[in-house]
Asks: 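The structure that follows is given in the form of structure tokens.
Below, chain A is the first sequence line, B the second, and so on; all start at residue 1.
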2 protein chains.
Amino acid sequence: MAQTDTVTRILNTAEVLFAERGFAETSLRNITSKAKVNLAAVNYHFGSKKALIQAVFARYLDPFTERFHATLDELETRYGGQPIPLEVLLESMARTVLEVPAERNSLKVFMRLLGLAYTQAQGHLRGYIQQQYGSVFTRFAELVRKATPELPDSERFWRLHFMLGTVIFTLSGLDALRDIAEQDYGEHVSVRELIRRLRPVVVAGMNAPLPEDPHAMAG
Amino acid sequence: MAQTDTVTRILNTAEVLFAERGFAETSLRNITSKAKVNLAAVNYHFGSKKALIQAVFARYLDPFTERFHATLDELETRYGGQPIPLEVLLESMARTVLEVPAERNSLKVFMRLLGLAYTQAQGHLRGYIQQQYGSVFTRFAELVRKATPELPDSERFWRLHFMLGTVIFTLSGLDALRDIAEQDYGEHVSVRELIRRLRPVVVAGMNAPLPEDPHAMAG
DNA sequence: TTACGTTTTAAACAATCGTTTTCCAGCAGG
DNA sequence: CCTGCTGGAAAACGATTGTTTAAAACGTAA
């Protein structure tokens, strides 16, 4: 199928350009010219630029959610009702995140896209991701709840997002940070090296003592 | 001066729209029409859209750096050579961040702009901020170094950026998160409430145990 | 008043955007 | 044969972008 070739060439080029410059700053002409396909091909195969953006995300998130669900299945049977330790949960998530993009382009692109999805409002994107892939996060959050029964629900909610922020923010802006680190310390860090450094920080953050309540705590 | 009125009305409108939609998604016509000034006023008073973006940042970052330098001066004389505790440093930074926008619009706008500066590449912006306001961060990092002498330099560098990511990511995407939290727990969190929750997490993250080294650690 | 520098205004600029239309090439089954 | 369908190519669509131009309005000093 020559059609598939055009589609994947568009997707491969689009994901890189989106990750580099963002959605609004990347025109369809940028994509199609670099991908060596006709301009109209995007609207022909995807329908619109919005749909192309969603397709780029789906190509990462579909295999990710599938594998992550499988991983959680496996964990739940292995621990058979017993709460799964927080470290195991986080480690499993990190491993799944690392696995998926290995087959495709790079983890950098994947993380950068996640960061854009969060910050670059784009209305439709956040809704699409929430609706399409929200279930796996809900499931993960429920397992984290069982792993940290001492945490008030609202406190755990916020800490999960704090940690999500740490990881996505770091890996999303990795290129810029890597440049600074390299010129400051002359050391080049790999993504896996970074995740190794992230783990104890994330675990410590989740297990931090509860904030003292100044007036009254709603938790 | 009627000129100042136009300038500030442009800035006030621009910062809100930039924070809401991003830079590329906000046109000069959006700004000028909402600000009820002529379209050409932007190019007349600021020169270009890029310059307007930088001016928006400068209006927050100039007073911030000035106050933060003053705060650090005060801390250094109070502790007279002794290392300033990490909690004090973080607390001082948080207080300064909270102080500055109180006079103007809202903390939300300030944080959202910082998030955009990080993620929305915009080449010129990152360079501008780094070059214009890098010194105060360098000074802060040096004080953090003295406060955490047991940390390897590279480890501290990364953890500082981890924590920066946590705070900026959280407060930058606050609106979206707040919506989710509100519908999940029915509880409305204020920014100060969030910072109260952030503090123990950040401190714990900075003081986390060092990662075990799998092969060899360069730090 | 006249004159001058500053600010505002309306209009147009060229460039780029996402999308649509039109036409053509290739290949299937009747 | 030609009919129908799919994918690609070129061109044009109208809309919107940041920026510039030129003239009008303003306030102030001579």
Asks: When you measure from the side chain of R67(A) to the backbone of T96(A), do you find a donor-acceptor pair of N or O atoms at a distance under 3.5 Å?
Replies: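 Between the backbone of T96(A) and the side chain of R67(A) there is no qualifying donor-acceptor contact (under 3.5 Å).
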
Asks: Between T6(B) and dT8(C), does any side-chain N or O lie under 4.0 Å from OP1 or OP2?
Replies: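 Indeed, a polar side-chain atom of T6(B) lies that close.
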
Asks: Report the distance from atom CZ of R29(B) to atom P of dG18(D), rounded to the nearest whole Å.
Replies: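 Roughly 7 Å, once rounded to whole Å.
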
Asks: Write down the distance between CG (L17(A)) and P (dG18(C)), rounded to a whole number of angstrom.
Replies: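 To the nearest whole Å, that distance equals 12 Å.
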
Asks: Looking at dC17(C), I'd like to know if its phosphate oxygens (OP1 or OP2) sit under 4.0 Å from a side-chain N or O belonging to S27(A).
Replies: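 For S27(A), the contact criterion (side-chain N or O under 4.0 Å from OP1 or OP2 of dC17(C)) is met.
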
Asks: Hey, does the side chain of H45(B) come within less than 4.0 Å of dT6(C)'s phosphate (OP1/OP2), counting only N and O?
Replies: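 No, no such contact exists.
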
Asks: Please report, rounded to the nearest Å, how far the C1' atom of dT19(D) is from the CG atom of N43(B).
Replies: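 Roughly 5 Å, once rounded to whole Å.
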
Asks: From the list dT19(C), dT9(C), dA11(C), which nucleotide is the closest neighbour of the side chain of N38(B)?
Replies: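 Nucleotide nearest to N38(B)'s side chain: dT9(C).
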
Asks: Looking only at the side chain of L28(A) (C-beta and beyond, no hydrogens), which of the listed nucleotides dA11(C), dC17(C), dT19(C) gets closest?
Replies: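 Nucleotide nearest to L28(A)'s side chain: dT19(C).
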
Asks: Whole angstrom is fine here: how far is it from CG in L39(B) over to P in dT17(D)?
Replies: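 In whole Å, dT17(D) P and L39(B) CG are 10 Å from each other.
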
Asks: Among the nucleotides dG8(D), dT19(D), dG18(C), which one has an atom lying closest to any side-chain atom of K49(B)?
Replies: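 Selected nucleotide (nearest to the side chain): dT19(D).
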
Asks: Does E15(B) pair with R59(B) as a salt bridge, N-O distance under 4.0 Å?
Replies: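 Judged by the 4.0 Å cut-off on N to carboxylate O distance, E15(B) and R59(B) do form a salt bridge.
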
Asks: Go through dT20(C), dT7(C), dG18(D) for me and flag the one nearest to the A40(A) side chain.
Replies: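 Output: dT20(C).
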
Asks: Check every atom of dT8(C), dA11(C), dT6(D) against the side chain of Y44(B) and return the nucleotide holding the closest atom.
Replies: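 Within the option list, the nearest is dT8(C).
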
